[in-house]
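Predicted model, so just to flag it, every value in this text is computed and none were measured.
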Amino acid sequence: MTQNKEDLLQKSTLVRKRIIEDMSDGVVLIGNNGIISLVNPSALAIFDKKEEDLKGKSFAACFFEESMNDDFTQTVLDAVYEGGKEHVNFVPYYNGTDMKQLRVMTSFLKDNGEKVGVIAVISDMTEVFELRDAVTAMKRIEKLNHQLEIRNELLRDTFGR
């Protein structure tokens with residue numbers, strides 16, 4: 001019976017690990033000591049970094065240097081200092097080549113009721129923001145086009161006589 005229990009526990013751990021690795025959202029786990037202990041492939045792609053650039057390193061050393069990412073780092077820090085609640089923010093993030101728009105959701109990770117770190121789930125919303133901006137621009141163009149049609153009609157009416 002204990003062998004089956006151990007097998008089940010190993011399989012359960014493997015399933016959880018695979019879920020985190022296969023998620024399209026980035027996942028970063030920062031321990032109470034400020035060290036990044038887990039970063040999934042999606043987070044690495046979002047940040048445009050390699051695992052060795054982040055895993056086992058201080059969150060501060062990895063993210064505090066780029067002032068353009070202050071909103072991102074503040075969201076994570078808010079989770080540390082206001083641990084009683086979940087934080088969700090939309091923040092810009094500069095990965096060294098591109099400016100991205102991220103949705104960052106942070107909360108404390110607990111083990112048997114004890115806070116063991118902060119978990120951040122990061123979604124790259126850049127495409128959604130670009131589409132929203134494009135739709136806004138299209139609506140503005142349509143409005144300007146309508147105003148131009150009205151002016152052209154007025155000119156035709158005025159000079160057509």
In this structure, would V116 and I35 fall into the same cluster of hydrophobic residues linked by side-chain contacts under 4.5 Å?
no

Passes side-chain contact (heavy atoms from CB on, under 4.5 Å), V28 versus L38? Steps please.
CA-CA 6 Å; V28 178; L38 180 140; over 6 Å; no

In terms of heavy-atom contacts, K57 and E52 come closest through NZ-O, 2.8 Å

For S37, what residues pass the side-chain contact (heavy atoms from CB on, under 4.5 Å) criterion, not counting sequence neighbours?
L29

Which heavy atom in C62 sits nearest to a heavy atom in I36, and how many Å separate them?
SG-CD1, 4.2 Å

Closest non-hydrogen atom pair, N40 against G26
OD1-CA, 3.3 Å

For residues 61-74, pull every pair meeting salt bridge (charged side-chain N to carboxylate O under 4.0 Å, His left out), keeping only residues two or more places apart or in separate chains.
none

Atom CD1 of I122 and atom CG of L102: how far apart are they, to the nearest 0.5 Å?
7.0 Å

Applying side-chain hydrogen bond (donor to acceptor under 3.5 Å, both in side chains) to N95 and not counting sequence neighbours gives T97

Shortest non-hydrogen contact between A79 and T106, atoms and distance:
CB-OG1, 3.2 Å

With D25 via side-chain hydrogen bond (donor to acceptor under 3.5 Å, both in side chains) - residues at least two apart
S123

Which atoms form the tightest heavy-atom contact between N32 and K115, and what is the distance?
ND2-O, 2.8 Å

Polar side-chain atom of D98 near backbone of K100 as donor-acceptor pair, under 3.5 Å:
no

Any donor-acceptor N/O pair, N69 side chain to Y94 backbone, under 3.5 Å:
yes

Got a second to check how far Q101's CD is from M125's CE, nearest 0.5 Å?
10.0 Å

Hey, does V88 have a side-chain heavy atom less than 4.5 Å from the side chain of V104?
no

Return the CG to CG distance between D53 and D48, rounded to the nearest 0.5 Å.
9.5 Å

Shared hydrophobic cluster for V118 and V91 (ILVMFWY, side-chain gaps under 4.5 Å)
yes

Please name all residues satisfying side-chain contact (heavy atoms from CB on, under 4.5 Å) with A45, sequence neighbours left out, ordered by chain then number.
none

Under 3.5 Å, side chain of D111 to main-chain N/O of E114, donor-acceptor pair present?
no

Here the ring-ring contact (aromatic ring centres under 6.0 Å, His included) pairs for residues 25-49, sequence neighbours left out, are F47-F63, F47-F72, F47-Y93

